[in-house]
Amino acid sequence: MRWLVTGARGMLGADVVAHLCDRDGEHVVALGREQLDVRDPGAVAAALDAHRPDVVVNCAAWTAVDAAEEREPEALAVNGHAVRVLAEACAARSVRLVHVSTDYVFDGTASAPYPEDAPPNPLGAYGRTKLAGERAALAHGHLVVRTAWLYGAHGANFVRTMLRRAAAGEGVAVVTDQVGQPTWSADLAARLVALARVGAPPGVYHGTNAGETTWYGFAREIYAAAGADPALVTPTTSAALGRPAPRPAYSVLGHAGWARAHLPPMRHWREAFRAAWPYLAGAVTASSGGAR
């Protein structure tokens with residue numbers, strides 16, 4: 001198959017490209033934002049016509065949640081309008097689009113995992129812009145995969161931040177009032193590829209590792225894995241941190257939709273974290289210029 005990955009220099013995009021490059025018989029074109037401005041209809045059309053992919057995996061996104069509160073039009077241009085451009089261009093060429101979305105489309109007031117067909121109700125600008133992108137992709141018969149609490153070896157993310165703090169022996173206050181599913185980007189990358197390869201029906205899928213924890217609980221797991229004292233992680237609340245953008249208090253996503261694609265749900269987050277550990281520890285050591 002021929003693949004085109006947008007946002008290919010980001011955390012998830014890099015893992016999608018790596019996964020495809022490890023597979024025989026796959027041809028992958030990796031385009032970062034320097035190579036393709038997904039907001040530009042002419043550039044998108046030219047890229048599709050030049051590379052003629054069977055599948056586009058859209059990992060391009062505005063991910064600065066707090067900044068979106070003050071710069072919503074800019075976030076919407078990437079997370080909403082650009083997805084419509086991609087969706088329309090792919091549909092016109094019979095190319096499948098796999099678009100990545102987020103748990104932020106929900107308000108976090110649930111007490112049980114959100115099913116794929118739960119009504120969205122975003123709390124803030126980031127969620128609103130991502131919901132616009134979902135609707136654009138679905139309107140043209142494509143695949144939407146919501147994820148949450150994503151971490152990996154590439155780019156800035158919660159795990160890498162905690163590992164740096166742990167390596168320095170620093171304490172950190174982490175919220176106990178947000179519950180979700182830590183999700184390894186490499187696991188999600190493999191699942192995005194699998195969805196397209198099996199010809200999954202259009203619609204929404206929830207791409208998160210199974211189980212649940214709080215950010216506080218996850219931080220303690222990270223410190224312990226790094227050989228640091230988990231007691232250095234202390235509990236706090238979202239209100240105490242005072243972040244500009246509201247966060248869903250409950251971000252646990254249900255996985256019943258995978259049955260439509262004849263694929264099992266993703267593995268438990270703890271199992272994934274153990275598998276990810278060698279890559280995560282190595283990435284942090286490399287970025288810091290060696291162990292301290």
Side-chain angles (χ1 to χ4, degrees), residues 11 63-70 102-104 106-114 122-127 147-185 187-188 208-253 267-292:
M11 174 174 58
T63 57
V65 174
D66 289 325
E69 290 299 307
E70 294 184 356
T102 175
D103 60 306
Y104 276 71
F106 297 121
D107 59 18
T109 60
S111 56
Y114 283 97
L123 294 174
Y126 174 68
T147 193
W149 293 30
L150 203 62
Y151 67 89
H154 309 284
N157 58 78
F158 181 79
V159 171
R160 296 190 70 184
T161 298
M162 292 299 105
L163 285 176
R164 286 192 293 270
R165 301 288 294 270
E170 297 175 2
V172 61
V174 183
V175 298
T176 61
D177 56 1
Q178 294 176 32
V179 179
Q181 298 157 307
T183 299
W184 185 23
S185 56
D187 272 8
L188 178 58
T208 51
N209 285 122
E212 63 181 64
T213 188
T214 63
W215 283 119
Y216 169 74
F218 190 29
R220 287 176 62 89
E221 292 270 350
I222 297 164
Y223 266 61
D229 185 357
L232 289 168
V233 182
T234 56
T236 189
T237 65
S238 300
L241 289 184
R243 303 290 290 276
R247 268 71 172 167
Y250 185 82
S251 289
V252 181
L253 304 182
R267 59 183 163 177
H268 195 279
W269 72 264
R270 282 196 174 91
E271 181 184 352
F273 181 63
R274 287 193 295 270
W277 177 248
Y279 305 95
L280 300 168
V284 171
T285 299
S287 67
S288 64
R292 298 187 180 187

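No experiment lies behind these values; they were computed from the predicted model shown.
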Would R247 and Y104 satisfy side-chain contact (heavy atoms from CB on, under 4.5 Å), going step by step from the backbone distance to the final call? CA-CA 7 Å; R247 268 71 172 167; Y104 276 71; 3.1 Å; yes

Applying side-chain contact (heavy atoms from CB on, under 4.5 Å), run through W269 and E221 and close with a yes or a no. CA-CA 11 Å; W269 72 264; E221 292 270 350; 3.7 Å; yes

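- A distance-only check finds a donor-acceptor pair linking the side chain of R165 to the backbone of G171 [under 3.5 Å].
- The two residues A153 and L280 come nearest to each other via the heavy atoms N-CD2, 4.0 Å.
- Defined by atom type and a distance below 3.5 Å, a donor-acceptor pair is present between the side-chain atoms of D177 and S238.
- Between Y114 and Y250, the two ring planes are tilted [angle within 30° to 60°].
- What you find for F158 and V174 is that their closest heavy atoms are CZ-CG1, 4.0 Å.
- Rounded to the nearest 0.5 angstrom, N209 CG and E271 CD are separated by 8.5 Å.
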Quick one: do W215 and M162 satisfy side-chain contact (heavy atoms from CB on, under 4.5 Å)? Show the steps, please. CA-CA 11 Å; W215 283 119; M162 292 299 105; over 6 Å; no

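- The distance from the CG atom of D229 to the CZ atom of R220 is 8.0 Å, given to the nearest 0.5 Å.
- Judged purely by atom type and a 3.5 angstrom limit, T183 has no side-chain atom pairing as donor or acceptor with the backbone of L150.
- Taking the six-membered ring where tryptophan is involved, the planes of Y151 and F273 are perpendicular, since the angle between them exceeds 60° and thus also 30°.
- Of all non-hydrogen atoms in T234 and A231, the two that sit nearest each other are CG2-O, 4.1 Å.
- Rounding to the nearest 0.5 Å gives a distance of 11.0 Å between CG of L253 and CD of E212.
- Across all their heavy atoms, N157 and G152 have their closest contact at ND2-O, 2.9 Å.
- With values rounded to the nearest 0.5 angstrom, Y216 atom OH is found 13.5 Å from T237 atom OG1.
- With ring centers used as reference points, W149 lies 6.0 Å or more from F218.
- The two residues A148 and S251 come nearest to each other via the heavy atoms CB-O, 4.5 Å.
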Walk me through it: do L232 and E170 pass the test side-chain contact (heavy atoms from CB on, under 4.5 Å)? CA-CA 7 Å; L232 289 168; E170 297 175 2; over 6 Å; no

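- Nearest heavy atom pair, residue T214 against residue V175, reads CB-O, 4.3 Å.
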